[in-house]
Amino acid sequence: MSPIPITLTRHIIQTQAAHPGATGEFSSLMAQIGLVGKMIASDLRRAGLINILGTTGATNVQGETVKKLDEISNDAFLKVFQYSGLVCALASEEMEKPVQLPENWPHGKYMLLFDPLDGSSNTDVNMPLGTIFSILKHDGKGLPLESELIRKGTQQVAAGYVMYGSSTMLVFTAGRGVHGFTLDPGIGEYYLSHENIQIPAKGQVYAANEGNTQKWPDGARKFLDYLKTKDKQTGRPYSARYSGCLVADVHRVLLGGGLYLYPAEVDKPEGKLRLLYEANPLAMVVEQAGGKASTGTMRILDVEPKSLHQRVPLLIGSKNDVALAEDFILGRK
Ligand code: AFP
């Protein structure tokens with residue numbers, strides 16, 4: 001008889017068992033994140049049939065047009081967590097302020113920050129999408145203030161993403177390695193399919209919106225030229241692979257090596273991506289897999305955040321590739 005595949009819940013309970021004092025709250029929290037992933041995956045699979053493509057007509061705190069699926073995905077988090085008793089704060093890319101949880105309702109010690117649907121420009125063209133989450137612990141009494149969610153990435157207790165591609169995968173770390181689970185839609189269960197993921201030290205692909213290179217500082221442009229220059233010994237030129245979805249591009253380099261870069265621009269030194277619920281969680285995952293995540297000049301996880309929707313330049317992936325990019329950006333190459 002073939003071995004029973006390891007489910008997400010069993011994996012978390014097994015790893016939690018190694019931790020005296022574990023209350024099971026974390027495994028419940030992760031199981032609920034898995035549920036949100038299933039709800040969103042189910043909607044995405046039928047999106048073209050149930051009139052949920054297109055926009056809502058509203059604009060979010062980022063100044064972006066809100067897609068119906070952005071709203072539906074954000075609501076899935078609220079429905080699952082608002083009265084779950086597992087969290088004491090919820091903050092999202094789609095909401096200007098954290099959700100005000102009811103004072104008189106039981107709440108847990110975890111604070112959950114998330115990008116409910118990453119890669120929104122892909123929703124109506126059936127291209128890959130993702131959900132990104134970052135988990136912090138609230139040590140204080142009562143409900144936290146917004147300022148208590150604004151913390152360095154090194155303080156995350158866990159982080160990860162759900163990728164909606166040819167299959168739906170949940171990939172996360174709780175600080176003890178990175179594990180990937182594939183959803184079996186027939187059973188509605190996540191099974192361990194990628195245990196202890198290790199990212200190669202160097203890759204052969206890069207993901208970047210090259211339409212922006214004219215806006216990049218010299219160092220970043222020289223780095224891209226370097227990647228495109230033929231040189232057998234260093235495995236160049238690298239191949240360009242850009243999907244419009246950060247989760248999909250990071251997932252590719254996590255498994256195959258290489259890097260994703262959305263560097264600072266001359267007129268936009270803060271870059272595009274959001275620090276607290278895009279860059280920090282993916283940086284924790286990639287570092288736990290042996291990779292590197294940088295702003296171009298410093299480690300993402302060491303960036304001292306100042307606001308909930310703060311943006312940051314992001315270079316993330318294989319440690320040798322990201323280190324080399326830093327050398328170019330810092331003018332050392
Ligand atoms: P959303 O998170 O707003 O959907 O944006 C997508 C994203 O944050 C990331 O997933 C992409 O890699 C990047 O922005 C795409 O940006 P460009 O359209 O400027 O290339």
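Remember, it's 1-based here, ligands and their atoms both numbered in the order they're listed. Keep in mind that the numbers below use all heavy atoms, side chains included, and drop hydrogens, waters and symmetry copies.
- A salt bridge is defined here as a Lys NZ or Arg NE, NH1 or NH2 lying under 4.0 Å from an Asp or Glu carboxylate O, and Asp218 with Arg221 meets this definition.
- Under the 3.5 Å distance criterion, with hydrogens and angles disregarded, no donor-acceptor pair is assigned to the side chains of Asn280 and Ser134.
- For ligand 1, the polar-atom distance check against Ser121 finds no nitrogen or oxygen pair separated by under 3.5 Å.
- Summarising the geometry of Leu86 relative to Ser28, their closest heavy-atom pair is CD2-CB, 3.7 Å, with the distance given to 0.1 Å.
- A donor-acceptor pair shorter than 3.5 Å cannot be found between the side chains of Glu189 and Thr7.
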- In sequence, state the C-alpha distance, the side-chain angles, and the governing distance for Tyr226 and Phe328, and then conclude on ring pair (Phe, Tyr, Trp, His ring centres under 6.0 Å). CA-CA 9 Å; Tyr226 168 87; Phe328 275 88; 5.3 Å; yes
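- In terms of protein heavy-atom proximity, atom 19 (O) of ligand 1 is nearest to Tyr262 OH, 2.6 Å.
- Those atoms of ligand 1 that come under 4.0 Å of a heavy atom in Glu93, given as number and element, are 2 (O), 3 (O).
- Within ligand 1, the atoms closer than 4.0 Å to a non-hydrogen atom of Asn209 are 17 (P), 19 (O), 20 (O), numbered from 1 in the order shown.
- Contacts between Val247 and ligand 1 below 4.0 angstrom, taking non-hydrogen atoms only, are absent altogether.
- Note: an N/O pair closer than 3.5 Å links Tyr260 and ligand 1 by distance alone.
- Interface of Gly244 with ligand 1, defined as ligand atoms under 4.0 Å from a residue heavy atom, comprises 10 (O), 11 (C).
- Contact atoms of ligand 1 toward Leu246: 9 (C), 10 (O), 11 (C), 12 (O) (distance under 4.0 Å to a heavy atom of the residue).
- A salt bridge is absent between Glu287 and Lys292; no separation between the charged side-chain nitrogens and carboxylate oxygens falls under 4.0 Å.
- There is a side-chain donor-acceptor pair under 3.5 Å between Thr123 and Lys67.
- Checking side-chain atoms of Gln156 against main-chain N and O of Gly153 turns up a donor-acceptor pair under 3.5 Å.
- The Tyr242 neighbourhood of ligand 1 comprises atoms 12 (O), 13 (C), 15 (C), 16 (O), 17 (P), 20 (O), with distances under 4.0 Å to a heavy atom of that residue.
- Atom 10 (O) of ligand 1 has its closest protein heavy atom at Asp118 OD1, 2.6 Å.
- Remark: ligand 1 atoms within the under-4.0 Å shell around heavy atoms of Asp115 are 2 (O).
- Atom 16 (O) of ligand 1 has Lys272 NZ, 2.9 Å as its closest protein atom, hydrogens excluded (heavy atom only).
- A side-chain N or O of Thr131 and one of Tyr164 form a donor-acceptor pair less than 3.5 Å apart.
- Regarding atom 1 (P) of ligand 1, its nearest protein heavy-atom neighbour is Gly119 N, 3.7 Å.
- Atoms of ligand 1 lying under 4.0 Å from any heavy atom of Ser120, numbered from 1 in the order shown and given with element: 4 (O).
- Residues His11 and Tyr190 have side chains that never bring a donor and an acceptor to within less than 3.5 angstrom of each other.
- Not a single N or O atom of Leu273, backbone or side chain, sits closer than 3.5 Å to an N or O atom of ligand 1.
- Side-chain atoms of Tyr161 and Asp118 form no donor-acceptor pair, as typed in the model, at a separation below 3.5 Å.
- Contacts between Gln62 and ligand 1 below 4.0 angstrom, taking non-hydrogen atoms only, are absent altogether.
- Annotation: Cys245 places no N or O atom under 3.5 Å from an N or O atom of ligand 1; distance criterion only.
- Proximity to Glu64 (heavy-atom distance under 4.0 Å) selects the following atoms of ligand 1: 3 (O).
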